[in-house]
Amino acid sequence: MRRTVTSIAALGIGLGILAPLSSGALIVSNVQVSGSLSAGVSTMVGTDTIDIVFGGGGATVGDSTNPIRGGNLIITFDVDSTSGNLTQDIASITGSVSGTGLVIFNEIIEDRTPGNQGVIGSADLLLNGPTPNPATIVFSRGSSSIKVKKTLVFSASPSELVDNATVTLLRQTIVPSPGSMALLGIGSLGLLGRRRRS
């Protein structure tokens, strides 16, 4: 039986080292993807989201890719905000596990602000059951410049069942501080006012 895992705690990114990507308030740079399951990765950056998409059916171990029974992914990238401090991220993993399949996920967020470096958030997850809710990592302090490191370890030991572990999408939504959102709203009102006068 195949169980869909729409999960927890991830902010994601691309293939090798990419040029800076930006959309709205976020600038994503220094993207690096390594590990035995890193082939076919692409990245999409939205206004406040970063999606890491795994092509060709996803990053998979288990019966469908026998004899690959284990593998890993390490994803790192920098995020800079042009609209104030970032205070948390809401992370999700989309994929599936069956039989003995599981994915161990770890994420570490570091402050990159000069003179203020250090870990400001982390999460550890074990994906091996029914669909969990997305996870929120609340930073110990706000920062306009962060480094994200995601580590995923896959395994699917042979058994009498169909044993697989697959991840097709990592999505991370970056949340700015409430003050930053208010400033964005005020800026938008100013633009609307200008349009009406024109």
Side-chain angles (χ1 to χ4, degrees), residues 5-15 17-18 20-35 37-38 41 43-54 59 72-95 102-129 131-154 165 167-184:
V5 177
T6 305
S7 143
I8 301 179
L11 159 71
I13 302 294
L15 178 63
I17 300 173
L18 301 179
L21 303 169
S22 67
S23 180
L26 298 181
I27 298 170
V28 178
S29 60
N30 300 322
V31 178
Q32 297 186 22
V33 179
S34 61
L37 301 175
S38 61
V41 178
T43 302
M44 293 182 292
V45 178
T47 303
D48 60 355
T49 61
I50 303 162
D51 287 351
I52 303 171
V53 181
F54 301 90
N72 69 323
L73 281 166
I74 301 168
I75 303 162
T76 61
F77 54 94
D78 299 333
V79 180
D80 292 293
S81 169
T82 61
S83 62
N85 280 343
L86 308 171
T87 59
Q88 59 184 298
D89 71 60
I90 302 166
S92 62
I93 300 173
T94 302
L102 63 86
V103 179
I104 298 169
F105 175 85
N106 171 263
E107 181 170 333
I108 297 172
I109 298 170
E110 296 180 27
D111 191 343
R112 296 177 59 234
T113 308
N116 211 19
Q117 290 95 345
V119 175
I120 58 173
S122 65
D124 293 296
L125 300 168
L126 177 62
L127 310 178
N128 69 343
T131 304
N133 295 320
T136 299
I137 302 173
V138 178
F139 304 163
S140 60
R141 62 177 179 269
S143 174
S144 62
S145 183
I146 61 173
K147 180 180 186 71
V148 177
K149 180 178 182 182
K150 300 178 180 298
T151 304
L152 294 90
V153 178
F154 296 68
V167 171
T168 56
L169 171 68
L170 300 178
R171 167 169 280 184
Q172 191 153 359
T173 303
I174 306 291
V175 181
S177 65
S180 300
M181 292 300 288
L183 289 174
L184 286 174

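Residue numbers start at 1 and run along the sequence shown.
Counting only N and O atoms by type, the side chains of N85 and S143 include no donor and acceptor under 3.5 Å apart.
With hydrogens and angles disregarded, no donor-acceptor distance shorter than 3.5 Å links the side chain of T87 to the backbone of F139. For the pair T113 (side chain) and N116 (backbone), a donor-acceptor distance under 3.5 Å is absent. With hydrogens and angles ignored, the 3.5 Å screen pairs a side-chain donor or acceptor of Q117 with a backbone N or O of G115. At least one donor-acceptor pair under 3.5 Å links the side chain of T168 to the backbone N or O of T94. R141 contributes no side-chain N or O that, together with a main-chain N or O of D111, makes up a donor-acceptor pair within less than 3.5 Å.
Contact of the I75 side chain with the Q32 side chain is not registered, since no non-hydrogen atoms from C-beta on lie closer than 4.5 Å. Side chains of R112 and D80 form a contact here, defined as non-hydrogen atoms less than 4.5 Å apart. No side-chain heavy atom of D124 sits under 4.5 Å from any side-chain heavy atom of F105. Contact of the I74 side chain with the V33 side chain is not registered, since no non-hydrogen atoms from C-beta on lie closer than 4.5 Å. Proximity of L73 to F54: side-chain heavy atoms (C-beta onward) are separated by under 4.5 Å at one or more points. Residues I90 and R171 have side chains not in contact (no heavy-atom distance under 4.5 Å, counting atoms from C-beta outward). Contact check for L152 versus N72: no side-chain heavy atoms found under the 4.5 Å cut-off. In this structure, L26 and L86 have side chains that are in contact, with non-hydrogen atoms separated by less than 4.5 Å.
Between the CD1 atom of I146 and the CG atom of D89 there is a distance of 6.5 Å, given to the nearest 0.5 Å. Atoms CD and OG1, on Q88 and T173 in that order, are 10.5 Å from each other to the nearest 0.5 Å. Taking OG1 from T43 and CG from L170, the interatomic distance works out to 10.0 Å, rounded to the nearest 0.5 Å. Atom CZ of F77 is separated from atom NZ of K147 by 10.0 Å, given to the nearest 0.5 angstrom. For the atom pair CD1 (I120) and OG (S140), the distance works out to 6.0 Å, reported to the nearest 0.5 Å. Taking OG1 of T82 as the reference point, atom CD1 of I27 lies at 6.0 Å (rounded to 0.5 Å).
None of V167, I93, I104 except one satisfies the side-chain contact (heavy atoms from CB on, under 4.5 Å) rule with L127; the exception is I93. A side-chain contact (heavy atoms from CB on, under 4.5 Å) with V28 is found for exactly one of V148, V45, I174, namely V45.
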field: side chain to side chain contact (heavy atoms under 4.5 Å, CB included) evaluation trace for L169 with D51
entry: CA-CA 7 Å; L169 171 68; D51 287 351; 3.9 Å; yes
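For G84 against S144, the heavy-atom pair with the smallest separation is O-CB, 3.9 Å. Counting all heavy atoms, side chain and backbone alike, I137 lies closest to S122 at CG2-N, 3.7 Å.
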